[in-house]
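Keep in mind the model is a prediction, meaning the values are calculated, not measured. Quick note on labels: first sequence line is chain A, next is B, and so on, each numbered from 1.
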Amino acid sequence: MKSEMKWMRAFALAVFAAYAALLCGFSFLPKTAFAEETRYCADVVYGGEGSSVEGNYYIYYDYKVVREKKNHPSAPSYGGTSLGQNDICAPVSGLNVTVFYDRYFPNLIPNFEPGMVSNGTYRYFPDVDWPQANAAVQELYELMHTNDGAPGTLDTDFKNGLIEYFDDHGYTLSYGDFYESEDTVDLSALAAAVDQNKVGIIMCSAYNFVYGMMEVDDGAATYIVKSDANVGHIMMVYGYMIVDYYRDGAVFQSDTFLYVSSGYGMASQGYVLLSDYLSIDEALIANVS
Amino acid sequence: MDGKRDILEEIARLPETERVNERLIDDIVAPQNKAKTPRGGALAIPRPALLGAFAVFAVLLAVLFFCVSLPAANRKPAAPPAGGNRYFDTAEISVVSIETPLPAFIEENALAVRYLTGLQDVNKAAYTLEEGQLVYLTQQCLFLSAAGFDTVNLGIVLTKDTFQYFEAFDDIHENIVLNGLDVVCGQTIVENQYNIKAKFAYEDITYFLEIVTDSAEGKLEYYVNTLLGL
């Protein structure tokens, strides 16, 4: 009888361990292992390798303070839908960078005006099917060899394709760097880039994207609408923001968000939360002359 | 209490180091169990076998639980059959660009809807994936104004269904009347720009209007009037 009791205890332990293992398995989304060649695929349709899951969360506090903020007041965000293709984040992010610099470097996109001064602030126009932008993204798609043999774009093809585009239109593009680690960036380098009217690019093999931050419960909490994706993805970065959350007069959490143009077909702008679900391969500053 | 039970209790009280012939216990217990077995009943299953079966059942139950509950946790309630007030998440909708001029598309599909015409417009049509039913149109329009430009997004919903695509409009609650039209609206400031949202029904069509502007004053009334020709 005693040996049966022991057997039952061992069995209960085994069942508990099985449940725990299953729970852990679902809690940790595996990151896609990329070997030598990284292909950047993510789009609103996840045609490439990997998947996306909801990572929404609430954060409750007494109050919050934006401690530091450095961003361009406006940045372009295009979807590249005129291509009629999936897995096009590379040429779309390339287009966002190109439209951004077209403001400062005329005819980078031929015969195109990317925005105008609105109420005293320069604002980039929305993606409303501009023929000139459609032609530019088609050119980038070809120069970057996107979807050539496999979904997405190789890292070297993205970088070389963008250099080639600028070269073809009379300008020179080179890359600086604001990489710090897999899940964060060099904020001082990014701040300096913003001051110099430059933008950054992050190339990730896994990433999060924050669609929005909504204050709820009469300002007692923020609801972060976010997705975590283990898909290679490229986004244009145009600033950052550090938020401190206070409870009982002390900071209990600080979050740093990058301002990004998503590179999705929906052309949404949002944020990437640093020190979170993120695997940055490269963080580049686009220098144009 | 009979003699057999006394023996069993004594065995149970023995220290763990003491070894007892298990067949002896079986011999004592068996006649009692045999008496309880129904006539022509099932075979007596040994306890370890029962526990084994229970283990397999528990693991199967766990797998079944995860298979059912996890996908369900990420989904909205199932949509009622076509014809009722259905719910569609974005994965159930196919959105395609309208390549023909919008008035021609509206005429081809015999739609009685109002639409905007800006400096530059992007028009899209949304169909249910399952039935291919045209359920809503979207417009993104650029309007120049005296101070700059406004971006206006319009959703034109053709059915009584609910769509995840428009769920951002669930958070607006201010009720106003514009030229006799009941409008629910709300305004926020996002990155130093006004974001005005409004929803209203006109001639059996539901409209979702979003205005992104640097100058909010009078904009909602202006675009509602422009849309409806009021």
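Within a 6.0 Å sphere centred on OH of A:Tyr245, other residues, nucleotides and ligands contribute more than 12 heavy atoms. Counting non-hydrogen atoms of other residues, nucleotides and ligands closer than 6.0 Å to CD of B:Glu217 gives a total of 12 or fewer. Counting non-hydrogen atoms of neighbouring residues, nucleotides and ligands closer than 6.0 angstrom, the OH atom of B:Tyr194 reaches no more than 12 such neighbours. For B:Glu107, the CD atom counts as loosely surrounded, since its 6.0 Å shell holds 12 or fewer non-hydrogen atoms of other residues, nucleotides or ligands.
Looking at residues two or more places apart in sequence or on another chain, you find no salt bridge (charged side-chain N to carboxylate O under 4.0 Å, His left out) involving B:Lys199.
B:Leu142 contributes atom CG, which lies 12.5 Å from atom CG of A:Asp129 (distance to the nearest 0.5 angstrom). We find the NZ-OG1 distance between B:Lys124 and A:Thr81 to be 4.5 Å, quoted to the nearest 0.5 Å.
With A:Asn119 contributing its side chain and B:Asp214 its backbone, the two residues share a donor-acceptor pair below 3.5 Å.
The contact between B:Asp171 and chain A is made entirely by side chain atoms (from C-beta outward), counting heavy-atom distances below 4.5 Å. Within the 4.5 angstrom heavy-atom criterion, only side-chain atoms of A:Tyr259, from C-beta onward, approach chain B.
The two residues A:Pro126 and B:Gln140 come nearest to each other via the heavy atoms CB-NE2, 3.8 Å. Here the closest heavy-atom approach between residue B:Val122 and residue A:Asp127 is recorded as CG2-O, 4.0 Å. When all heavy atoms of A:Ser118 and B:Gly148 are compared, the closest pair comes out as OG-CA, 3.4 Å. Here the closest heavy-atom approach between residue A:Tyr124 and residue B:Phe149 is recorded as O-CZ, 3.5 Å.
Contact annotation for residues 113-121 of chain B against chain A (heavy-atom separation below 4.5 Å, listed by residue number): B:Gln120, B:Asp121.
Between A:Arg123 and B:Gln193, the closest side-chain pair of non-hydrogen atoms falls below 4.5 Å.
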